[in-house]
J.: 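Here it is: the structure, laid out below.
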Amino acid sequence: MELLNDLNDSQREAVINFEGPSLILSGAGSGKTRVLTYRIAYMIHNGIKPWNILALTFTNKAAKEMVGRIEGLIGFQAKNIWAGTFHSIFARILRIEGQKLGFDRNYNIYDTGDSKSLLKSIMDQEDDPTIKKLKPDAVRWEISMAKNRLISPLEYEKNILGLFSQNVSHLYTIYQERLMQSNAMDFDDLISHPVRLFENFPEVLSFYRKKFSYILVDEYQDTNFSQYRLINLIGKEHRNVAVIGDDDQSIYSFRGADITNILNFERDYPETKIYRLEQNYRSTKTILKAAGDVVKNNFLRRDKDIWTENDAGEKITLLVGANEREEAANVLSLINKSLTEKNCKLNHIAVLYRTNAQSRVLEEALRTGGLPYRVIGGLKFYERKEIKDILAYLKILLNPRDTQSFKRIVNFPPRRIGKASVEAIERYSAENNLPILNACENPGEIDGLTLRAHHPVKKFYIDIRDISMTLSEISLVELTDKLIDKFGLIDVYKEENTPESKSRIDNIDELLNGIKEFVALRDDNSPAAFLEEVSLITDIDRSDESSDAVTLMTVHSAKGLEFPTVFITGLEDGLFPIVMPNEGSEEKRIEEERRLFYVALTRAKVKLYLSHALERRRFSYDNAFTTISRFIGEISDDLFEKFISPSCSEYYEETGYLHKKIENKLHSSVNKEKIKDISSKRNSNMTAISVGATVRHNVFGVGMVIDASGDGEGRKLTIKFNKAVGIRKLVECFAGLDVL
């Protein structure tokens, strides 16, 4: 095929050898998507039927891009490939096979908010005070981790270790029962239920093994145990399993991702052929060198020699601000400079941070500066109240057993059905094994239902029933319009007539536009197909990259994206890397944080800014002194230039804020002689602190000196502080230590 001429030698090898297991190690910016799409196109060109190919990704955006590229290469046959996210593909299979597990085709998918709401409802009904003290988010996370490890409620109960897990076990059992009663699944069920399906029904597994005789998995380093199990169940027999990814970009362990899946792929498939994509097409030599300097410090990785033919490009600018507000001002100043001096466009610029909370000050600076921006990772469009209300009406039409959707809308807009009445309906539904909507057909039979609620409950049932009878006769657009009109879902906001209510009306209009677009583009444009798609969509999928605005997002959200200019902010130990207690060994946590920093660095194509503040307010405390991120110290000195805010330059130079390696990179405007004077004065007045001494630091607290190296102003102490702080290396003459 002529398309092979578009590939370099390594890419071509990975494309043409499609029989048997393959591990394609793809460094950042090395053309991973190109290899994946060309491999599939080449397979089809060589006689593999499109419907025998299963291609799994982690985002809808990646799946659409992949199918679009394949269609550009081979035409309409691309439509017959089973390509999509893990969740969308197996949700589709569960629509077909779910009856074997007790679900019908119209099951609903609960998002994180729905799951949390259901759990909270269950916990509120419990009498045990220890359960009432639990946080629903913590319980939901524990259940999610159990499902990712394919631990059922029964298996979880067998391994109770304490009061918390005992309470979780109790709630997990009830939670799964309620999901089943509501004909609903949460996100984790979309992976764990297919495993159950294949393990308990061999004939179903046999069918899909024959159907999917070739499997390709994108971003394999991000798979968890249940996803790993699914791939092996289907692929272990024919062994045509190709996985592509980069262990240096494994950053989702908090979701259950297991880096050993990619590191140990040959364990399951000893005959694996390994292909390394090491040529980077995205970044400058300077950016790539910095990324390599950092990630090579990780132990848990496969060696790769990432290189590029791109120019060296500009040096990395290290921004120094007095506090987070000055950090934001620095970012704004340099964005404006890029716009005027470098002809840069706003949508070519991304500002990255480790936690969502950091965006507030940055947003304020951009607003004050009059620059438009978009935030990725805030409140998602389909999680807004007015949107979820309309979706709940659609869900209850298709699935009258959906208790959570029923409870959300039965009294919205207000129709005099109070909380006690809703509880009475829910109780009657459970006692009589009735779908909760059907329980409303005869309100007079429901004990505890107030008399004034009888009419509105009956009317709600009749209105829903009447619309449901037209489902097969009208389009999704007409159905949604009918729901909005029948139940006054826009009128309620018109009556409020506030800026917020007007914004809600605009959002409903945008939803209707999205539905029209969905109907126009999809062959299956049924209400069920639409609800499934929006349940699995992410804010990245909805982002408009063409809009002329600066992009703000966490580093996790930036995975898979690239920008000509990137700012990485908040580079201080404790923030980036952020190390939380009870997250496994410190070494493993730091390695994942380092991989996250590597991902951040490699989002930049042309220009990279690294920013930190001397002080930062965190967790509502007063400003506290910070320590520059250890990751900056891992980057070669000659890759940096400096941008130091005038307000903090004197403090910066006098305190020796950065460790010695970084001090040598100070901007020429900093008076290095002054630092030497301060250093010599301090050295002349102090006695060297010996190894074994107990010392106090004004930020890190009390610690023990476990090592010392160098002498004079260059003498460094290695100090072991408490578990939260860990081991720090400090320049003795600048550390301000008190010997205890």
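Quick caveat, the model's predicted, so the values are computed rather than measured.
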J.: Answer yes or no: is there a side-chain heavy-atom contact under 4.5 Å between His170 and Asn167?
T.: no

J.: Using the ring pair (Phe, Tyr, Trp, His ring centres under 6.0 Å) criterion, which residues pair with Phe576? Sequence neighbours excluded.
T.: Phe597

J.: Count the heavy atoms of every other residue, nucleotide or ligand shown that sit under 6.0 Å from CG of Asp447, and state whether that count exceeds 12.
T.: no

J.: Considering all heavy atoms of both residues, which atom of Ile122 and which atom of Tyr175 are nearest to each other, and what is their separation?
T.: CD1-CA, 3.6 Å

J.: Can you pull the ring pair (Phe, Tyr, Trp, His ring centres under 6.0 Å) pairs that have at least one residue in residues 514-534, sequence neighbours excluded?
T.: Phe518-Phe530

J.: Holding to side chain to side chain contact (heavy atoms under 4.5 Å, CB included), I want the full list of residues that pass it with Ser169, two or more places apart in sequence or in another chain.
T.: Tyr156, Glu157, Ile160

J.: In terms of side-chain geometry, is the basic nitrogen of Lys388 or Asp111 positioned less than 4.0 Å from the acidic oxygen of its partner?
T.: yes

J.: Among all residues two or more places apart in sequence or in another chain, which pass the ring pair (Phe, Tyr, Trp, His ring centres under 6.0 Å) test with Phe487?
T.: Tyr393

J.: Near Arg452 CZ, under 6.0 Å, is it more than 12 heavy atoms from other residues, nucleotides or ligands?
T.: no

J.: Give a yes or no on whether a salt bridge exists between Arg589 and Glu593, defined as a side-chain N under 4.0 angstrom from a carboxylate O.
T.: no

J.: What do you reckon, is NZ of Lys458 surrounded by more than 12 foreign heavy atoms closer than 6.0 Å?
T.: yes

J.: Which residue pairs satisfy the salt bridge (Lys or Arg N to Asp or Glu O under 4.0 Å) criterion with at least one member in residues 417-444, sequence neighbours excluded?
T.: Lys407-Glu426

J.: Output all residues satisfying side chain to side chain contact (heavy atoms under 4.5 Å, CB included) with Ser421, sequence neighbours left out; order by chain, then residue number.
T.: Ile417, Leu449, Thr450, Ala453

J.: What pairs with Thr368 under side chain to side chain contact (heavy atoms under 4.5 Å, CB included), at least two apart in sequence or on another chain?
T.: none

J.: Are more than 12 heavy atoms from other residues, nucleotides or ligands located less than 6.0 Å from atom CG of Asn433?
T.: no

J.: How far apart are the closest heavy atoms of Asp524 and Ala529, and which atoms are they?
T.: O-CB, 3.4 Å

J.: Which residue pairs pass the ring pair (Phe, Tyr, Trp, His ring centres under 6.0 Å) test with at least one member in residues 424-474, sequence neighbours excluded?
T.: Phe406-Phe460

J.: Tell me which donor-acceptor pairs under 3.5 Å the side chains of residues 94-107 have, and how far apart each pair is, sequence neighbours excluded?
T.:
residue	atom	partner	partner atom	Å
Arg95	NE	Glu532	OE1	2.9
Arg95	NH1	Arg105	O	2.7
Arg95	NH1	Tyr107	O	2.7
Arg95	NH2	Tyr107	O	3.3
Arg95	NH2	Glu532	OE1	3.4
Glu97	OE1	Lys100	NZ	3.0
Glu97	OE2	Tyr208	OH	3.1
Asp104	OD1	Asn106	N	2.8
Asp104	OD1	Asn183	ND2	2.7
Asp104	OD2	Asn183	ND2	3.3
Arg105	NH1	Arg95	O	3.2
Tyr107	OH	Ala91	O	2.9

J.: Regarding Ser117 and Tyr110, is there a side-chain donor-to-acceptor distance under 3.5 Å anywhere?
T.: no

J.: Could you pull out all residues at least two apart from Lys132 that satisfy side chain to side chain contact (heavy atoms under 4.5 Å, CB included)?
T.: none

J.: Is it the case that Lys559 places NZ or CZ above or below the six-membered ring of Tyr252, under 6.0 angstrom from the centre and within 45 degrees of the axis?
T.: no

J.: Between Lys395 and Asp114, is there a salt bridge with N-O shorter than 4.0 Å?
T.: yes

J.: Kindly give the heavy-atom pair with the smallest separation between Gln176 and Pro153, and that separation in Å.
T.: CG-CG, 3.9 Å

J.: Does a side-chain heavy-atom distance below 4.5 Å link Leu476 with Ile515?
T.: yes

J.: Please list all pairs meeting salt bridge (Lys or Arg N to Asp or Glu O under 4.0 Å) that have one or both residues in residues 470-493, counting only residues at least two apart or in different chains.
T.: Asp463-Lys486

J.: State which residues pass side chain to side chain donor-acceptor pair (under 3.5 Å) with Asn438; sequence neighbours excluded, sorted by chain then number.
T.: none

